[in-house]
Amino acid sequence: MSAVQPAAPDRETPGDEAPFAAETSMTSPRIAALAAAVDAGNHAAVEEFWKEAAETGTPLMEPTDDESLTLVTFLWRDPGDTENVIVLFCSAPSGDLREFRMERMPGTDLWYRSYLMPSRLRTTYLLSVNDPMEPFESYAQVLRRLPEYEPDPLNPRDYTLTGDRDRFRVSVLELPAAPPQPWNIPRRGVPKGHSRMQTMDSAVLGTRHHVSVHTPPGYTADGDEYHVFLLFDGWSYYNFAAITTVMDNLLYAGRIPPYVLVMHTNEDQEIRARELTCHDPFNAYLNQELMPWVHANYHITSDPAKTVVGGSCFGALAAMYAAYRTPERFGCVISQSGSYWWPGKDVPEKEEEWLTRRFEESPKLPIRFSMDIGSLERSIVDHDPMTSHRNMVAALEKKGYEVDFSEFLGGHDMVCWRGTVVDRLRSFHPGR
């Protein structure tokens, strides 16, 4: 391909999608055939099955009579000490973990579990081998336990996530009809921008920050000032959403104007959880240190209508709060699966959905919003992200704000956000 070709519309359909079926009466035809072979005394069929699985990758995906559903079977090969195996999806299960427990095929080293899943699903998962089978009691416990789990060893598609203290790999599941993500792929003939990475020590916060700035191809300090996009959790978006490739491709295709992209990353997860949760000292850092530095070093606009702040999870909460506190600087917000349930039970002196209450009580501000959330995010343990997100959208719309809102089929997951961030940014530039 010598140039970027016009893409089909890439907006995902909003809707109230139901999570996949944890229980199904359907049996995998491939598993049934193997079981029949073993019952007939053909134990060599098991080794042949594992050879095939290693070549084709896991999990198994088999069509059904309904094209909208795919039968997905997760596998584990017992090294000799397996007592149980749990399949953990992007939205942590609550309640009875037996719904996610694999079954062993008698007389073999094969453990498996089948699910009927929407054919449009894209998500991530982990395996927990010899799990204590103790239900999660809080979302903090989910985060603490994540590094104990492991990716699917026969799934070649995985990427690294950052937990409370560690980085760990998760497996990617992408079903046949998952919405395409064409903008994240480098394209021949598309000029590339330039990225500069550095650290910044904050006098306001007393913490260190990693800041990467991506300038568009042909960037110059003369002429019109550039739009600017401040993106929290920049390390994740850079590495797993290919956000600089997205910006270059969209610019070349004429879908967005030239942007200077500022990718901000906190030093660690503990600091992130403190500074990105409606933290006034962090807002002071943005307005007294980070953004003045960007203005001093790059030819960017001061127009809030051309200044986007965005992120996911706590990053979306921080973006929303930054615009709420300083709409004269940030006039456009991108929110992906924002943590509007905050503070939950973590800060008892603050009411739940604290930031939503602030928008309800304040006069309408000159801010535009582009927001999305995954329909599988309902099952996180001690709060309801879907309901709190919808409450925020409803509060903003009641005030008369311009809100572009979408619910995608997926979870609290960069593998989904990497695609929908395109729609979020493009919503500020209709007609392009």
Has [X] got a side-chain atom pairing as donor or acceptor with [Y]'s backbone, closer than 3.5 angstrom?
| X | Y | result |
| --- | --- | --- |
| Arg122 | Pro179 | yes |
| Thr387 | Asp384 | no |
| Lys364 | Gly400 | yes |
| Thr64 | Leu69 | yes |
| Lys399 | Ser362 | yes |
| Asp413 | Cys416 | no |
| Asp131 | Ile86 | no |
| Arg113 | Glu99 | yes |

Rounded to the nearest 0.5 Å, how far does [atom2] of [Y] lie from [atom1] of [X]?
| X | Y | atom1 | atom2 | answer |
| --- | --- | --- | --- | --- |
| Leu126 | Asp152 | CG | CG | 10.0 Å |
| Asn84 | Ser128 | CG | OG | 7.0 Å |
| Trp235 | Ile243 | CH2 | CD1 | 15.5 Å |
| Leu205 | Gln288 | CG | CD | 9.5 Å |
| Glu174 | Thr124 | CD | OG1 | 12.0 Å |
| Leu251 | His227 | CG | NE2 | 11.5 Å |

Kindly list each side-chain donor-acceptor pair under 3.5 angstrom involving residues 316-328, sequence neighbours excluded, with atom names and distances?
{"from": "Tyr321", "atom 1": "OH", "to": "Asp280", "atom 2": "OD1", "distance (Å)": "2.7"}
{"from": "Arg325", "atom 1": "NE", "to": "Asp280", "atom 2": "OD1", "distance (Å)": "3.3"}
{"from": "Thr326", "atom 1": "OG1", "to": "Ala322", "atom 2": "O", "distance (Å)": "2.7"}

Next on the checklist: Checking Arg368 against Val333 for the side-chain contact (heavy atoms from CB on, under 4.5 Å) test, could you report, in this order, the C-alpha distance in whole Å, the side-chain angles of both residues, the deciding distance, and whether it holds?
Outcome noted: CA-CA 6 Å; Arg368 293 183 292 162; Val333 174; over 6 Å; no
If you compare all heavy atoms of [X] against all heavy atoms of [Y], which two are closest, and at what distance to 0.1 Å?
| X | Y | value |
| --- | --- | --- |
| Ser302 | His295 | OG-CE1, 3.3 Å |
| His429 | Ile256 | CD2-CG2, 4.1 Å |
| Asn184 | Ala242 | O-CB, 3.5 Å |
| Phe240 | Arg418 | O-NE, 2.8 Å |
| Tyr401 | Ile367 | CD2-O, 3.4 Å |
| Pro118 | Leu175 | O-CD1, 3.0 Å |

Donor-acceptor pairs under 3.5 angstrom involving side-chain atoms of residues 216-225: please list them, not counting sequence neighbours.
{"from": "Tyr219", "atom 1": "OH", "to": "His299", "atom 2": "N", "distance (Å)": "2.8"}
{"from": "Thr220", "atom 1": "OG1", "to": "Asp222", "atom 2": "N", "distance (Å)": "3.2"}

Next on the checklist: Would Ser337 and Trp417 count as a side-chain contact (heavy atoms from CB on, under 4.5 Å) here? Give the steps.
Outcome noted: CA-CA 9 Å; Ser337 302; Trp417 300 328; 2.9 Å; yes
Can [X] and [Y] be counted as having a side-chain donor-acceptor contact under 3.5 angstrom?
| X | Y | value |
| --- | --- | --- |
| Asn391 | Tyr340 | no |
| Ser312 | Tyr237 | yes |
| Glu67 | Ser119 | no |
| His210 | His264 | no |
| Ser202 | Glu289 | yes |
| Asp372 | Thr420 | yes |
| Thr70 | Glu62 | no |
| Asn155 | Thr58 | no |

Next on the checklist: Between Met200 and Trp293, does the side-chain contact (heavy atoms from CB on, under 4.5 Å) criterion hold? Intermediate values first, please.
Outcome noted: CA-CA 10 Å; Met200 175 182 291; Trp293 176 85; 3.7 Å; yes
Could you check whether [X] pairs with [Y] (Lys NZ or Arg NE/NH1/NH2 to Asp/Glu carboxylate O, under 4.0 Å)?
| X | Y | value |
| --- | --- | --- |
| Arg208 | Glu267 | no |
| Glu352 | Arg357 | no |
| Asp233 | Arg272 | yes |
| Asp404 | Arg424 | yes |

When the aromatic ring centroids of [X] and [Y] are compared, is their separation below 6.0 Å?
| X | Y | value |
| --- | --- | --- |
| Tyr226 | Tyr298 | no |
| His389 | Trp341 | no |
| Phe314 | Trp342 | no |
| Phe74 | Phe89 | yes |
| Tyr285 | His279 | no |
| Tyr125 | Tyr149 | no |

Checklist outcome for this item: Residue set satisfying ring-ring contact (aromatic ring centres under 6.0 Å, His included) with His214, at least two apart, ordered chain then number -> none
Item to check | ring-ring contact (aromatic ring centres under 6.0 Å, His included) partners of Phe428, counting only residues at least two apart | outcome: none
Item to check | Validation row: Met263, Met197 side chains within 4.5 angstrom (heavy atoms) | outcome: no
Item to check | Residues which pass side chain to side chain donor-acceptor pair (under 3.5 Å) with Glu361, listed by chain and number, not counting sequence neighbours | outcome: Arg358
Item to check | Qualifying residues under salt bridge (Lys or Arg N to Asp or Glu O under 4.0 Å), relative to Asp66, sequence neighbours excluded | outcome: none
Does [atom1] in [X] sit with more than 12 non-hydrogen atoms of other residues, nucleotides or ligands closer than 6.0 Å?
| X | atom1 | value |
| --- | --- | --- |
| Tyr238 | OH | no |
| Glu351 | CD | yes |
| Glu148 | CD | yes |

Checklist entry - Under the salt bridge (Lys or Arg N to Asp or Glu O under 4.0 Å) criterion, do Arg390 and Glu407 qualify, and how do the steps go? => result CA-CA 10 Å; Arg390 289 173 173 171; Glu407 294 178 10; 2.8 Å; yes
Item to check | Trace of the ring pair (Phe, Tyr, Trp, His ring centres under 6.0 Å) decision for Phe282 with Phe232 | outcome: CA-CA 12 Å; Phe282 183 73; Phe232 300 127; 5.6 Å; yes
Checklist entry - Are Arg169 and Asp158 close enough, and set up right, to give a salt bridge (Lys or Arg N to Asp or Glu O under 4.0 Å), and what steps lead you there? => result CA-CA 6 Å; Arg169 302 197 72 76; Asp158 59 17; 2.9 Å; yes
